[in-house]
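These numbers come from the heavy atoms of this one structure, side chains and all, not from hydrogens, waters or symmetry mates. Ligands are counted one by one from 1 in listed order, and the atoms in each one are counted from 1 as well.
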Amino acid sequence: MSFDLVLFGGTGDLAWRKLMPALFQAFRHGTLPEGGRIIGVARDDLNNESYRALIEDRFNGVELAKRPNADEFARFAAMVCYLRMDLSRNQDYEYLAKCLGERKADTVVMYVATAPSLFTNVCEQIAAVGLNGPATRVVLEKPLGHDLASNQAINDTLRRVLREDQVFRIDHYLGKPAVQNLFVLRFGNALFEPLWRRETIANIQITIAEELGVEMRGAFYDQTGALRDMVQNHALQLLCAIGMEPPINASADAIRDEKLKVLQSLRPWTTETLGQHVVRGQYAAGAVQGQPVGGYLDEKGVQCGSTTETFVALRTEIANWRWAGVPFYIRTGKRLAGRDARIVVNFRPVPHPIFKAPTGLVNQLIINLQPKDGLELHLLAQGAAQRQSEPALSPVQLNLDFDQRFGTERVGAYERLLLDVIAGRLNLFVRSDEQEAAWRWVEPILQHWRNDPVGPRPYAAGTWGPSAASALIARDAFCWNEEA
Ligand code: BG6
């Protein structure tokens with residue numbers, strides 16, 4: 001199958017850091033279909049040779065095991081070419097159409113890795129020159145809009161010029177092997193399904209913690225904040241995966257229908273819950289891994305006195321028969337105490353305890369997403385050498401470490417998703433109605449914050465966020481996993 005992959009934003013950060021390395025990995029693994037062409041598009045004055053030289057130079061920065069040797073690079077580079085375009089000029093799209101028309105590849109992927117403000121314009125322009133035919137697939141990076149109205153406006157434009165099944169909205173969390181495994185855990189095994197409900201589960205905690213600060217993206221991040229950057233997309237997608245009903249089959253729409261229902265069932269916000277169930281924070285100076293780091297307000301590109309949140313903790317509920325009354329806690333932030341993404345399912349204690357068990361210990365299923373992926377099942381057991389006649393229970397843990405079981409090789413999230421786009425598989429991409437439902441739910445929080453004079457609560461870099469996040473969960477008589 002021949003394909004052309006047009007990479008708008010071909011000299012941008014995402015292309016260098018994620019897309020080119022992912023394409024190379026797919027090439028190395030032999031999974032990138034042969035007969036493909038990768039066309040980097042940008043305004044820079046480059047030609048094929050100088051663009052390839054830039055890629056080679058950037059590859060020197062990736063970890064050693066993922067770097068190409070000279071022969072591999074030469075073969076990969078032969079697939080890559082460069083097209084200089086000014087994305088505001090119609091003639092440049094006509095020229096692109098001419099180049100693509102000469103080859104007539106079976107599949108044409110338009111990866112729009114540009115500033116979000118250009119998304120609609122690029123899509124309209126490719127349609128204007130007839131590049132929106134059935135062979136075309138358009139990939140859009142997040143953020144798709146900054147609120148519900150702007151997201152709807154983008155989706156309206158997309159609907160005018162493309163069919164929904166031509167639009168691949170990326171949420172790279174769905175490309176992570178551990179997240180795909182979550183679907184397999186739930187729907188490929190019968191074991192947990194009977195337990196996956198309000199009668200047995202006390203609460204579920206979703207944490208996506210980062211040690212990094214905003215790095216070189218201060219100006220972008222300052223307009224965005226953790227709610228839009230992480231909660232609206234990645235965290236809610238995890239919530240959907242954990243809370244959805246079994247889909248009728250593994251097709252993209254069956255899965256997305258069920259995810260949509262979760263988003264539509266999220267308990268609507270009230271003034272009271274907005275005040276009590278959402279905490280925002282902003283990192284101040286502190287230390288990460290023993291190294292002193294500055295505060296958010298000292299980051300390059302961040303406005304003086306900015307009230308952008310770098311941390312969010314919130315409590316919600318999925319209001320349906322399965323989950324009514326079960327709190328779901330979401331927590332994400334930058335410059336936290338560790339890099340750790342995990343979902344903790346806390347089961348209820350036994351209804352009538354007959355053994356002496358340490359207080360506070362409950363059965364837990366921990367789904368580790370990163371840095372290591374795997375499962376931990378926490379149970380209570382009695383030690384074999386115990387001499388007292390009355391059994392005393394101790395915590396024990398069953399570990400499924402995916403590295404040990406399957407080896408350390410991973411298909412990276414972008415590699416997986418790029419291959420899926422080329423193959424036309426939509427399972428791991430977000431549909432417009434899902435995305436709009438997520439914005440609809442997030443919107444009242446944004447509005448509440450706009451009118452809230454208090455602003456984000458400061459937390460020292462290298463901690464688990466502001467103490468209000470602990471107070472939020474303590475009100476339900478629970479605690480975050482690491483506080484137990
Ligand atoms: C991106 C956010 O979507 O996800 C970044 O824009 C964040 O701010 C990143 O750092 C986290 O991704 P990962 O895969 O490193 O957990």
Exercise for review: Mind running side chain to side chain contact (heavy atoms under 4.5 Å, CB included) on Arg440 and Leu263 for me, showing each step along the way?
Suggested key: CA-CA 9 Å; Arg440 191 167 288 118; Leu263 294 166; over 6 Å; no
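- Of all protein heavy atoms, the one lying nearest to atom 15 (O) of ligand 1 is Arg339 NH2, 3.5 Å.
- A pairwise comparison of heavy atoms in Glu415 and Val411 identifies CD-CG1, 3.8 Å as the closest pair.
- At a 4.0 Å cut-off, not a single heavy atom of Tyr221 sits close enough to ligand 1 to count as contact.
- When only non-hydrogen protein atoms are considered, atom 16 (O) of ligand 1 lies nearest to Tyr173 OH, 2.4 Å.
- Set against the non-hydrogen atoms of Lys334, the atoms of ligand 1 under 4.0 Å away are 5 (C), 7 (C), 8 (O), 10 (O).
- The protein atom (non-hydrogen) at minimum distance from atom 7 (C) of ligand 1 is Glu210 OE1, 3.5 Å.
- Results of the salt bridge (charged side-chain N to carboxylate O under 4.0 Å, His left out) test with Arg331 over Glu210, Glu483, Glu482 single out Glu482 as the only residue that passes.
- Salt bridge present: Asp257 and Arg431 bring a charged side-chain N and a carboxylate O closer than 4.0 Å.
- The shortest heavy-atom contact between Leu131 and Thr136 is O-OG1, 2.7 Å.
- Ligand-side atoms of ligand 1 in range of Gln370: 13 (P), 16 (O), range being under 4.0 angstrom from any heavy atom.
- Between Tyr329 and Trp480, the ring-plane angle classifies as perpendicular under the 30° and 60° cut-offs.
- In this structure, the protein non-hydrogen atom closest to atom 4 (O) of ligand 1 is His172 CE1, 3.3 Å.
- Between Phe59 and Phe76, the two ring planes are tilted [angle within 30° to 60°].
- For atom 8 (O) of ligand 1, the nearest protein heavy atom (residue, atom name, distance) is Asp229 OD2, 2.6 Å.
- Scanning the protein heavy atoms around atom 14 (O) of ligand 1, the nearest turns out to be Lys176 NZ, 2.6 Å.
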